[in-house]
Amino acid sequence: MNANFYGTCDHHLDWHADDELLFQQSDGTALIFSISFGSSTSFEWKRNVTGERNWTTLENADILIMEGRTQQFYKHQVPPYSQWP
């Protein structure tokens, strides 16, 4: 389990892929559950090869699931509020 606390609108998490050994199963079965508590936040992901970007807004108690080989093919971030789409 990993927990991130964003105390102000300036707190954020830069582009990354979760590369911990826990998420590196060779059969692609890794699941990452992201649960949002409190205020809404933007969550973005982009394809490594093309750079194509998408985003969603996570509200209180929303669950986002990254499965399979997501970490291999995509990066994701929680941008600061000033950069929300």
Side-chain angles (χ1 to χ4, degrees):
M1 181 179 136
N2 182 29
N4 294 316
F5 175 74
Y6 304 99
T8 71
C9 292
D10 294 326
H11 289 176
H12 64 282
L13 189 61
D14 289 325
W15 288 111
H16 71 285
D18 297 305
D19 59 1
E20 291 86 357
L21 186 59
L22 172 66
F23 306 126
Q24 300 301 318
Q25 288 93 338
S26 60
D27 63 358
T29 59
L31 292 174
I32 298 174
F33 291 79
S34 180
I35 304 171
S36 182
F37 295 107
S39 298
S40 62
T41 190
S42 180
F43 184 93
E44 294 184 283
W45 62 96
K46 68 178 175 180
R47 188 178 283 275
N48 291 337
V49 175
T50 65
E52 177 187 357
R53 294 170 62 166
N54 290 289
W55 67 276
T56 190
T57 299
L58 299 176
E59 302 291 345
N60 183 47
D62 279 352
I63 298 174
L64 179 127
I65 301 171
M66 291 182 277
E67 57 184 311
R69 299 181 191 267
T70 302
Q71 304 307 310
Q72 182 180 353
F73 297 110
Y74 293 88
K75 288 189 173 43
H76 57 279
Q77 76 166 343
V78 176
Y81 183 76
S82 62
Q83 295 178 16
W84 283 19

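Because the structure is predicted, anything quoted here is derived from the model rather than measured.
- Looking only at side-chain heavy atoms (C-beta outward), E67 and L31 come within less than 4.5 Å of each other.
- How far OG of S42 is from CD of Q77: 7.5 Å, rounded to the nearest 0.5 Å.
- Within the model, atoms OG of S36 and CG of N60 stand 6.5 Å from one another, a figure rounded to the nearest 0.5 Å.
- Within the 4.5 Å cutoff, side-chain heavy atoms of M66 are placed close to those of D18.
- Exactly one residue among W55, W15, Y74 makes a side chain to side chain contact (heavy atoms under 4.5 Å, CB included) with K46. That residue is W15.
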Inset, instruction - Show your working on side-chain contact (heavy atoms from CB on, under 4.5 Å) between T56 and W45 and close with a plain yes or no. - result: CA-CA 9 Å; T56 190; W45 62 96; 3.9 Å; yes

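- Using a 4.5 Å heavy-atom cutoff, the side chains of F43 and H76 are in contact.
- Q71 contributes no side-chain N or O that, together with a main-chain N or O of A17, makes up a donor-acceptor pair within less than 3.5 Å.
- L58 CG to S34 OG: the interatomic distance, rounded to the nearest 0.5 Å, is 6.0 Å.
- Side-chain polar atoms of H12 and D14 form a donor-acceptor pair below 3.5 angstrom.
- Contact detail for I65 and I63: the closest heavy-atom pair is CG1-CG2, 4.0 Å.
- Within the 4.5 Å cutoff, the side chain of T41 has no heavy atoms near those of the T57 side chain.
- With a 4.5 Å cut-off on side-chain heavy atoms, E44 and P79 count as touching.
- For the pair T70 and I32, the minimum side-chain heavy-atom distance is 4.5 Å or more.
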